[in-house]
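This one's a predicted model, so the numbers in the text were calculated from it and none came from an experiment. Hydrogens, waters and symmetry mates play no part in the numbers below; they use all other heavy atoms, side chains included.
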Amino acid sequence: MKKTIGLIISLLFLLSGCGWVYELNPNSLPEGVSEGASSVPAFEFTDQFGNSFGSDDLKGEYWLANMVFTNCPSVCPIMTPNMRSLQDFALEEELPLTFVSFTVDPETDDVERLYSYSNNVAADTENWRFLTGYTQAEIADLSEEAFLSPVEEAQDGSDIIHSTRFFLVDPEGDVIRLYDGLAIDQSPIKEDLQNVLP
């Protein structure tokens, strides 16, 4: 009986020991945060000011990307304010982070429309670009290659299906983090940004 109790106590000690090791693991990620496994190919599109903007402008920078469109009836009205909240946080904390939103409805979202949209959502236009100037096929291909996410029209034509994640891209153009763009609690994302960004 004493041996059995001793064995149980030893097992509990070992298991609790494993627990604190995992908690202290510097490679562990906050809940709702995962590692990326892709790279963004070279691109050059048009921003909300009508200027050319692309991967060359982002070289050497960390940037946070997402997919949206101005007529979105479902997820974008949640994602865009969440992105703005992260933008405000980055500005407050002086984090070196650029924000990039790709429209998945380039036929509707021209320069003028994206300019109006960026103003309506209180985007800091110094470091948040809304991009258009490509075909539907081109943005679908970019999303698939860069973010491993499809872009396609819903069967009933009422929506465009796209990723609801935010993608953190490093200065080399590699996607290193995936964040939940619909998360109500953004503290895990903010914590991770503070840990990753220089």
Side-chain angles (χ1 to χ4, degrees), residues 28-36 38 40 45-49 51 53-55 57-58 60-106 108-109 111-132 139 142-143 146-149 151 159-171 173-198:
S28 64
L29 298 174
E31 185 177 344
V33 176
S34 55
E35 290 185 353
S38 58
V40 181
F45 299 134
T46 305
D47 68 14
Q48 72 266 38
F49 305 108
N51 299 323
F53 187 87
S55 49
D57 299 289
L58 295 163
E61 296 183 15
Y62 283 93
W63 50 288
L64 195 66
N66 73 339
M67 302 282 171
V68 295
F69 64 109
T70 61
N71 282 335
C72 179
S74 52
V75 295
C76 302
I78 300 171
M79 292 173 62
T80 300
N82 281 351
M83 191 77 135
R84 189 188 66 218
S85 173
L86 293 176
Q87 172 206 251
D88 293 345
F89 172 75
L91 289 171
E92 289 169 9
E93 298 296 318
E94 299 183 350
L95 299 177
L97 186 62
T98 299
F99 295 79
V100 179
S101 292
F102 298 88
T103 179
V104 295
D105 187 11
T108 302
D109 292 339
V111 169
E112 292 76 16
R113 195 174 184 96
L114 287 180
Y115 179 79
S116 177
Y117 185 76
S118 68
N119 283 335
N120 289 340
V121 300
D124 174 15
T125 53
E126 289 294 316
N127 74 336
W128 189 351
R129 295 290 192 262
F130 293 79
L131 301 185
T132 187
I139 191 57
L142 178 74
S143 181
F147 308 120
L148 309 180
S149 303
V151 170
D159 203 348
I160 298 174
I161 299 168
H162 59 89
S163 176
T164 58
R165 287 177 166 172
F166 296 158
F167 304 91
L168 181 62
V169 184
D170 73 8
D174 295 324
V175 178
I176 58 172
R177 290 288 192 276
L178 311 176
Y179 302 128
D180 180 1
L182 300 175
I184 295 172
D185 178 11
Q186 291 190 312
S187 55
I189 300 175
K190 293 174 179 179
E191 175 190 340
D192 192 63
L193 288 173
Q194 285 182 309
N195 288 333
V196 171
L197 296 181

**OP:** For the pair W63 and F102, name the ring-plane relationship: parallel under 30°, tilted 30 to 60°, perpendicular over 60°.
**Re:** tilted

Original post:
Which distance, rounded to the nearest 0.5 Å, do you find between the CG of N66 and the CG of N82?
Top reply: 10.0 Å

Original post:
Could you state the interatomic distance from CG (L86) to CG (L91), rounded to the nearest 0.5 Å?
Top reply: 11.0 Å

Subject >> M79/S101 under side-chain contact (heavy atoms from CB on, under 4.5 Å): CA gap, chis, key distance, verdict >> reply: CA-CA 11 Å; M79 292 173 62; S101 292; over 6 Å; no

Original post:
Do side-chain atoms of Q87 reach the backbone of D124 as a donor and acceptor pair under 3.5 angstrom?
Top reply: yes

Subject >> Main-chain N/O of D109 paired with T132 side-chain donor or acceptor, under 3.5 Å >> reply: yes

Original post:
When you measure from the side chain of D180 to the backbone N and O of L182, does any donor-acceptor pair fall under 3.5 Å?
Top reply: yes

Original post:
Where do T98 and N127 land on the side-chain hydrogen bond (donor to acceptor under 3.5 Å, both in side chains) test, with the steps shown first?
Top reply: CA-CA 5 Å; T98 299; N127 74 336; 5.8 Å; no

Subject >> Spatial distance of atom CE (M83) from atom CD1 (I189) [nearest 0.5 Å] >> reply: 10.0 Å

Subject >> Sidechain-backbone polar pair: Q48 side chain, W128 backbone, donor-acceptor under 3.5 Å >> reply: yes

**OP:** Flag yes if more than 12 heavy atoms outside F89 fall under 6.0 Å of its CZ atom; otherwise flag no.
**Re:** yes

Subject >> Value rounded to 0.5 Å, distance of CG in D105 from CE in M67 >> reply: 13.5 Å

**OP:** Carefully, step by step, assess Y62 and I176 under the rule side-chain contact (heavy atoms from CB on, under 4.5 Å).
**Re:** CA-CA 10 Å; Y62 283 93; I176 58 172; 4.0 Å; yes

Original post:
Hey, mind stepping through L97 and L168 against side-chain contact (heavy atoms from CB on, under 4.5 Å) and telling me if it holds?
Top reply: CA-CA 9 Å; L97 186 62; L168 181 62; 3.7 Å; yes

Original post:
E126 and R129: which non-hydrogen atoms are nearest, and at how many Å?
Top reply: O-NH1, 3.8 Å

Original post:
Okay, side chain of S143, backbone of S149: is any donor-acceptor separation there less than 3.5 Å?
Top reply: yes

Original post:
Is a side-chain donor or acceptor of N195 paired with a backbone partner of E191 at a separation under 3.5 angstrom?
Top reply: yes

Original post:
So do the side chains of I160 and C72 get within less than 4.5 Å of each other, counting heavy atoms only?
Top reply: no

Original post:
Is a side-chain donor or acceptor of S116 paired with a backbone partner of R113 at a separation under 3.5 angstrom?
Top reply: no

Subject >> Backbone of A122 reached by a side-chain donor or acceptor of R84 within 3.5 Å >> reply: no

Original post:
Hey, what do you get for CZ (F69) to CZ (F130), rounding to the nearest 0.5 Å?
Top reply: 14.5 Å

Original post:
Yes or no on side-chain contact (heavy atoms from CB on, under 4.5 Å) for F53 and L58, after CA distance, side-chain angles and deciding distance?
Top reply: CA-CA 9 Å; F53 187 87; L58 295 163; 3.8 Å; yes

Original post:
Do you know the tightest heavy-atom contact between V33 and P188?
Top reply: CG2-O, 4.0 Å

Subject >> Taking every non-hydrogen atom, the tightest pair across H162 and V68 >> reply: CE1-CA, 4.3 Å

**OP:** Measure from the side-chain N and O atoms of S38 to the backbone N and O of A146, and report whether any donor-acceptor pair falls under 3.5 Å.
**Re:** yes

Subject >> Shortest non-hydrogen contact from C76 toward P81 >> reply: O-CD, 3.9 Å

Original post:
What distance separates L142 CG from F147 CZ, expressed to the nearest 0.5 Å?
Top reply: 6.0 Å

Original post:
Which residues pass the salt bridge (charged side-chain N to carboxylate O under 4.0 Å, His left out) test with R165, sequence neighbours left out?
Top reply: none

Original post:
With Y117, which of N71, T70, T80 fulfils side-chain hydrogen bond (donor to acceptor under 3.5 Å, both in side chains)?
Top reply: T80

